[in-house]
Amino acid sequence: MIVYSRQKIDNSDIDAVVEALKSDMLTCGERVVEFEEALCKLTGAKFAVAMNSATSALHAAYIALGVCKNDEIITTPITFAATANAAIMCGANVKFADVLSNGNIDPNSIKNLINKQTKVITAVDFGGLPVNMDEIKNISKEHGIKIIDDASHALGSSINGKMIGNLADITIFSFHAIKPITTFEGGALLTNDEDIAKSARLTRSHGMVKKQAWNMDMISMGYNYRLSDVACALGLSQLKRLDEFISRRDEIAAIYEDAFSDSKHLKTIKIPSHIRSARHLYPVLLNSNLWCAKEDIFNELHSRGIGVQVHYKPTYQFSFYKKLYGEQFLSGAEDFYRAELSLPCHQMMSDDDVRFIISNLNELLDKYALATICS
Ligand SMILES: *Cc1c(COP(=O)(O)O)cnc(C)c1O
């Protein structure tokens with residue numbers, strides 16, 4: 001199966017992990033600090049706090065921003081559930097804003113949801129395409145609302161050469177196996193605010209600080225959200241090849257763009273020239289006459305060894321969220337969900353793989369466009 005995204009592990013990664021395994025500190029050692037420093041160097045952020053997942057980092061972010069019961073956060077429903085879940089963990093209410101046709105949160109929709117309870121806006125750089133952070137900042141600043149950038153897809157993305165990681169109050173990265181780089185599982189919180197970084201370090205490790213000798217104090221509620229040195233060794237090694245990974249995904253995307261430029265059945269999401277996307281995903285948007293055939297197209301592609309995926313079922317459609325907030329319907333998010341198909345795009349694919357996917361997809365789209373009438 002050609003999966004939609006996956007890791008690339010080479011001998012340098014294996015050597016780095018083995019070396020870390022043989023060292024004295026398997027966790028809480030210097031590799032964690034080195035990995036955090038490397039993330040700061042890449043992004044220009046002042047502080048990085050490595051954690052065992054992006055979900056943990058999101059939870060620590062909401063805590064650091066003081067999100068608690070009855071506060072509201074505004075986010076996009078076109079994301080992985082954890083973006084909203086981590087705010088629910090703090091007892092907050094989640095308001096879902098609609099999305100633009102590129103899958104990113106719609107700033108105009110954010111405006112309509114802001115009220116006195118709004119504490120945080122959490123944007124997601126869908127597929128690696130950065131949100132328009134200036135526009136979101138303009139909306140939030142007059143209300144004193146903080147911004148989290150869930151950049152789980154966007155390590156290595158940039159706007160006008162400015163790296164993602166340094167544009168919001170807090171930026172979150174994921175190093176889950178299929179994200180831009182991997183530490184098996186893992187994530188990080190980046191910020192320029194020292195108090196936020198301190199809070200996140202406390203949340204990461206039981207809220208404890210060392211006083212003297214054996215004497216520790218626990219000064220706030222905390223968890224065990226630490227990332228091991230073995231994982232950070234992999235992260236450090238992977239980070240060296242991030243640029244190479246993105247360049248390969250760019251080449252694959254260029255072949256797709258060329259092949260689909262005059263497609264009658266789908267649209268691609270163009271990346272403007274001042275933006276670099278980490279291209280965690282390569283999403284295409286099927287024309288509405290094919291929406292009701294998407295499940296058949298999906299299944300047929302899978303049976304041919306092409307592991308397409310759909311990103312994302314809107315968070316408010318999950319039964320957990322329906323129980324909390326009732327039925328919701330955001331037309332941009334609904335249309336995006338019905339249209340979207342993520343084609344395989346990762347650094348282990350050959351050009352032949354890409355051509356195989358293009359010809360199979362085109363064949364199936366032609367077939368279903370003739371056979372299907374979606375109302
Ligand atoms: C993957 C992902 C997460 C969760 O990342 P983990 O590291 O698996 O916890 C959160 N938000 C988005 C947008 C993601 O894609």
Side-chain angles (χ1 to χ4, degrees), residues 42-45 54 57-58 61-62 65 73-84 86-87 94-114 118-143 145-174 179-180 187-192 246 253 268-283 285 311-312 314-315 330 332-333 335-337 340 342:
L42 173 74
T43 60
L58 280 161
Y62 289 120
L65 296 177
I73 72 115
I74 298 171
T75 192
T76 166
I78 299 296
T79 181
F80 186 63
T83 313
V94 177
K95 300 279 159 165
F96 293 104
D98 210 349
V99 300
L100 303 165
S101 57
N102 65 8
N104 280 340
I105 195 164
D106 180 353
N108 283 318
S109 177
I110 293 175
K111 266 185 215 159
N112 299 329
L113 295 173
I114 289 176
T118 311
K119 198 118 187 196
V120 176
I121 295 165
T122 306
V124 173
D125 304 306
F126 181 83
L129 175 61
V131 295
N132 187 336
M133 196 53 82
D134 288 339
E135 212 175 340
I136 297 173
K137 273 183 185 163
N138 280 338
I139 295 167
S140 64
K141 72 175 177 223
E142 60 193 277
H143 305 278
I145 298 167
K146 299 289 184 187
I147 302 172
I148 297 174
D149 185 7
D150 181 349
S152 290
H153 301 181
L155 183 72
S157 294
S158 61
I159 311 173
N160 287 320
K162 278 198 223 156
M163 296 300 288
I164 295 302
N166 196 11
L167 306 180
D169 294 292
I170 296 177
T171 302
I172 304 296
F173 292 120
S174 173
K179 298 289 165 73
L189 176 156
L190 279 73
T191 182
N192 290 329
I246 296 175
T268 64
I269 297 176
K270 301 258 175 337
I271 308 294
S273 59
H274 66 291
I275 283 179
R276 187 179 199 206
S277 168
R279 298 225 188 248
H280 166 57
L281 302 176
Y282 185 84
L285 303 173
H311 295 94
Y312 287 94
T315 310
L330 294 168
D335 286 358
F336 193 84
Y337 174 47
E340 202 270 352
S342 298

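- The two residues Leu167 and Lys162 make their nearest non-hydrogen contact at CD2-CD, 4.1 Å.
- Residues Ala123 and Ile136 approach most closely at CB-CD1, 4.1 Å, considering heavy atoms.
- Between the CD1 atom of Ile121 and the CD1 atom of Ile110 there is a distance of 5.0 Å, given to the nearest 0.5 Å.
- Listed for the Asp106 side chain is no donor-acceptor partner under 3.5 Å among the backbone atoms of Leu100.
- Ile159 is listed as a side-chain neighbour of His274, based on a closest heavy-atom distance under 4.5 Å.
- Formation of a donor-acceptor pair under 3.5 Å by the Asn102 side chain with backbone atoms of Ile269 is not found in this model.
- Rounded to the nearest 0.5 Å, atoms CE (Met133) and CG (Asn104) are 9.5 Å apart.
- Lys146 contributes no side-chain N or O that, together with a main-chain N or O of Ile170, makes up a donor-acceptor pair within less than 3.5 Å.
- Looking at Lys179 and Leu155, their side chains never come closer than 4.5 Å, going by heavy atoms from C-beta outward.
- A salt bridge (charged side-chain N to carboxylate O under 4.0 Å, His left out) check over residues 118-130, counting only residues at least two apart or in different chains, returns the pairs Asp71-Lys119.
- Residue pairs that meet the side chain to side chain donor-acceptor pair (under 3.5 Å) test with at least one member in residues 147-161, sequence neighbours left out, are Thr83-Asp150, Asp150-Ser152, His153-Tyr312.
- With contacts defined as side-chain heavy-atom distances shorter than 4.5 Å, the pair Val99/Leu330 does not qualify.
- Atom CZ of Arg279 is separated from atom CD1 of Ile271 by 4.5 Å, given to the nearest 0.5 angstrom.
- Remark: Phe126 CZ to Leu281 CG distance equals 5.5 Å, nearest 0.5 Å.
- With contacts defined as side-chain heavy-atom distances shorter than 4.5 Å, the pair Pro107/Val131 does not qualify.
- Expressed to the nearest 0.5 Å, how far OG1 of Thr43 lies from CZ of Phe173 amounts to 6.0 Å.
- The two residues Thr171 and Ala151 have their closest heavy-atom pair at CG2-CB, 3.7 Å.
- Atoms CD1 and NZ, from Ile74 and Lys111 in turn, are 12.5 Å apart once rounded to the nearest 0.5 Å.
- Scanning both residues, Ala45 and Leu190, for their nearest heavy atoms gives CB-CD2, 3.8 Å.
- Of all the heavy atoms in Ser277 and Ile246, the pair that sits closest is O-CG2, 3.6 Å.
- Listed here is the closest heavy atom pair of Ala97 and Pro77: O-CD, 2.9 Å.
- Using a distance-only test at 3.5 Å, with no hydrogens or angles considered, no donor-acceptor pair links the side chain of Thr315 to the main chain of Ala81.
- In this structure, Phe96 and Leu113 have side chains that are not in contact, with every pair of non-hydrogen atoms separated by 4.5 Å or more.
- Contact check for Ile73 versus Lys95: no side-chain heavy atoms found under the 4.5 Å cut-off.
- Here the side chain of Thr75 pairs a donor or acceptor atom with the backbone of Thr122 at under 3.5 angstrom.
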- Message: Would Asn166 and Asn192 count as a side-chain contact (heavy atoms from CB on, under 4.5 Å) here? Give the steps.
- Response: CA-CA 7 Å; Asn166 196 11; Asn192 290 329; 2.7 Å; yes
